[in-house]
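This report concerns only the one structure given below.
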Protein chains: 4
Amino acid sequence: MPSRPLTEPPRPGRPRSAAADAAILEATRASLVDLGWSKLTMGEVASRAGVAKTTLYRRWAGKNELVVDAVAVLFDELELPDLGSLAADVQAVVLQFAALLERPETKTALMAVVAESTRDTALRDRIRNSIVARQKRLVLQGRERAQRRGELPVEPDTATAGRTADLIFDVIAGAVVHRALVSAEPVDADWARRFTLLLLTGLRSAASHGGG
Amino acid sequence: MPSRPLTEPPRPGRPRSAAADAAILEATRASLVDLGWSKLTMGEVASRAGVAKTTLYRRWAGKNELVVDAVAVLFDELELPDLGSLAADVQAVVLQFAALLERPETKTALMAVVAESTRDTALRDRIRNSIVARQKRLVLQGRERAQRRGELPVEPDTATAGRTADLIFDVIAGAVVHRALVSAEPVDADWARRFTLLLLTGLRSAASHGGG
Amino acid sequence: MPSRPLTEPPRPGRPRSAAADAAILEATRASLVDLGWSKLTMGEVASRAGVAKTTLYRRWAGKNELVVDAVAVLFDELELPDLGSLAADVQAVVLQFAALLERPETKTALMAVVAESTRDTALRDRIRNSIVARQKRLVLQGRERAQRRGELPVEPDTATAGRTADLIFDVIAGAVVHRALVSAEPVDADWARRFTLLLLTGLRSAASHGGG
Amino acid sequence: MPSRPLTEPPRPGRPRSAAADAAILEATRASLVDLGWSKLTMGEVASRAGVAKTTLYRRWAGKNELVVDAVAVLFDELELPDLGSLAADVQAVVLQFAALLERPETKTALMAVVAESTRDTALRDRIRNSIVARQKRLVLQGRERAQRRGELPVEPDTATAGRTADLIFDVIAGAVVHRALVSAEPVDADWARRFTLLLLTGLRSAASHGGG
DNA sequence: CAATAACCGAGACGGTACGTCGGGTCTTAAA
DNA sequence: TTTAAGACCCGACGTACCGTCTCGGTTATTG
């Protein structure tokens, strides 16, 4: 979303239409579904949103930024359920995440903006803040809950703990994304179960051996 | 590579220039390095290769196919070294793969063509055959070697074995790609060691518990 | 000038700023000098005048009307000097008029608004009242003075007199404009002398032959 | 017309379509008639001509150049008739010229391109070569014929002759244009007769007095 | 050795989308 | 009601690439 200071001193002139923002993001998602990333055009989004092209460009620098914002909110739907065990929780989140990746707007857009971000650091930061952060939160939340349950030891060294969380995050997100988008095979309950088993046994054994 | 029948019945007329093929693929890689995926154009590739645009279109249907072929050969460089232990071998391959992903032509192109492939099944097959297969081969090779060494049990059920190999592949490839391109953090020796430890302990424990 | 009722019944609310009018017309002329007709924009004029765009549109319907008003006042500078003979007077006015046409704001604007007026009768009337009338006045004035001096006969038939004045006006104004703007050659003293000679001898001879 | 060397060494590549040239110029004239100069757009012309916008821009730098070329050919219709006397010939040409200026494509375009040419020397040259030259030819032709008939003396000094021809041209063209477009009054037979009388008597008297 | 056929370079072609600019209107808060 | 500011919708701009086509000309195999 176009970020402005939180406590906005009312600027002179006509204020920007909040309705336009919403309509544009909605139109962007609809266009992604119908056309896919590469056929989505700014003009099409504008016309679907009932808005002039200039209104888009006043808020977003281009297609990349617009799509990141349009897709990011979908990641708010991800939630860590409390099913009683870490394994069950992880498995559930994996399936949630896979379901999200199956949605046509996400599927076509996610890899595309990541690809663009390899040559655009501002875009990379935007993705990190808008999308990656929303996913990573689940890992931290899951670890904390597992530690409360006693399923995982409390790691005293925060640096090591952070590195491990990052590793776990890349393994989970990477495996699911790769399965869904590269291998293009279904992430079903069986796969999720086998993946979770692999991950958690590895995690527990490694932890007891001192994997820092 | 431009697919033609394996046993080519010599067609009438002037044959296609083999030199052009090589020059085009090389020019494509060079353009990826200089311009990145989204700014790469067919016209630019043609002019760098000293070739007419028609010559490109006679061989490849479009940018997607061209780039897949241009990038695919780079994956031939990946090799499974024999360092004496599965852990060492995996770690080495992870670093090799990461190094490949750090190359600018791969970094910018890989996610992009995957993104395109979500709406183009022919492209998906091309990627699977040209790129994914080249990576997967290492997993199968590694498992076989580990089984010969006795580091991993021989799985009698080939269906289960296949599923496990797929899982391992998605975990390895996914984690490395995600770390390198999404998290955009370095895949260094330390990360590779910690990742390998997690993977292999998980793999061995899960195997002994019957993770099929 | 923005036309309002001659006897203005004082309207309610804040009255319009008279200073704004002057600033806008001045800014319009400055923009004409710097940018020329086709690159002059309402936004540019507004910002030069330190005024909002709405203030312009409240007073003028558009660029055409604004420029006519901005340029019209320049034609007030034209004066018929009294140099003792009709020939001298005409020649002086021709040079004055040419000098006015050489000014960049006039040069670029005059033909442009005339061109626009060919498809806009309201604009045509505005030009006629604002610009053409200011020029024509000189012809009538010159004829009257010449008649007083006895250089020209008094035409009793007012209809014929009017037609002749119109003809003279089109010949003088047309020739000077064409020389200056179409042929793009200098209207210097020599040209003015030769033109005046042609005109006045023609006029006198034709008059004596009954050119009605 | 886009001028290229007369003896064209056949350039490589696909040659430009001559049909496109004709269609574009015709579409330009039609657009002038329907829309007028200021509402004519390159896109509209292209679509009327059944041609891509790039095809227009490959041949003409912009609207100005295009319209000059589209309108210029109309001036080929002007012809100096041989009616037996200079006065009759001049009067006929004046009426022809006025009829041309009454055509909607000419009326709306001519002053507009002249206005643009005041800030664009290349455009001025194009107008001079394409339009002005086509008109001036008639003056030279008329003088020569009148001299052959003995209606006008042969001017021995070519420099003076040239200057006089230029003057006559500006007077004729200027007066007719001014009457038709600025005064916006009809150039009918009566006006043409009175104008011709004024011009020719002036010309003859001035010539006998030594108007160089 | 001529005919044939596919190739090659160059570049024009009809399109689509780009990102920007200007026109003229509307919506704020302030005067 | 006017003002400055600036967002708004709209339409055109001139450019860049797309993928196709049409040239003149080249290089092979076949008759």
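Only heavy atoms go into these numbers, but all of them, side chains included; no hydrogens, no water, no symmetry mates. So that the names make sense, note that chain A is the first sequence line, chain B the second, and so on, each numbered from 1.
For C:Asp21 and C:Arg59, the salt-bridge test passes: some basic side-chain N is under 4.0 Å from an acidic carboxylate O.
If you take CG of C:Leu56 and C1' of F:dA5, they are 14 Å apart, rounded to a whole angstrom. As rounded to whole Å, 16 Å separates atom C1' of E:dG22 from atom CZ of C:Arg48. If you measure from atom CG of D:Leu66 to atom P of F:dC13, you get 11 Å, rounded to the nearest angstrom. Protein atom CH2 of D:Trp60 is 18 Å distant from nucleotide atom C1' of F:dC13, rounded to whole Å. The interatomic distance linking A:Arg58 (CZ) with E:dG22 (P) rounds to 14 Å, in whole Å.
OP1 or OP2 of E:dC8 lies within a sub-4.0 Å distance of a side-chain N or O belonging to B:Arg59. Distances shown here put every side-chain N or O of A:Arg16 at or beyond 4.0 Å from the OP1 or OP2 atom of F:dG6.
Sequence neighbours left out, the pairs with a member in residues 31-56 of chain A that pass salt bridge (charged side-chain N to carboxylate O under 4.0 Å, His left out) are A:Asp34-A:Arg48, A:Glu44-A:Arg48. Under the side-chain hydrogen bond (donor to acceptor under 3.5 Å, both in side chains) criterion, the residue pairs touching residues 110-119 of chain D are C:Ser38-D:Glu116, with sequence neighbours excluded.
Across every non-hydrogen atom of C:Leu25 and C:Trp60, the tightest pair is CD2-CZ2, 3.7 Å.
The side chain to side chain donor-acceptor pair (under 3.5 Å) search around D:Arg14 returns none, not counting sequence neighbours. Evaluation of the side chain to side chain donor-acceptor pair (under 3.5 Å) rule for D:Glu65 yields no partner, not counting sequence neighbours.
Distance CG/A:Leu40 to OG1/A:Thr108: 9.0 Å, rounded to 0.5 Å. For the atom pair CD1 of D:Ile24 and OG of D:Ser31, the computed distance is 11.5 Å after rounding to the nearest 0.5 Å.
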Which protein N or O atoms sit under 3.5 Å from an N or O of nucleotides 15-19 of chain E?
| residue | atom | partner | partner atom | Å |
| --- | --- | --- | --- | --- |
| E:dC18 | OP1 | A:Met42 | N | 2.9 |
| E:dC18 | OP2 | A:Met42 | N | 3.2 |
| E:dC18 | OP2 | A:Gly43 | N | 3.3 |
| E:dG19 | OP2 | A:Tyr57 | OH | 2.4 |
| E:dG19 | O5' | A:Tyr57 | OH | 3.4 |
| E:dG19 | N7 | A:Lys53 | NZ | 3.0 |
| E:dG19 | O6 | A:Lys53 | NZ | 3.0 |

Where protein sits on nucleotides 23-31 of chain F, one letter per nucleotide: B base, S sugar-phosphate only, - none, heavy atoms under 4.0 Å | --BBBS---
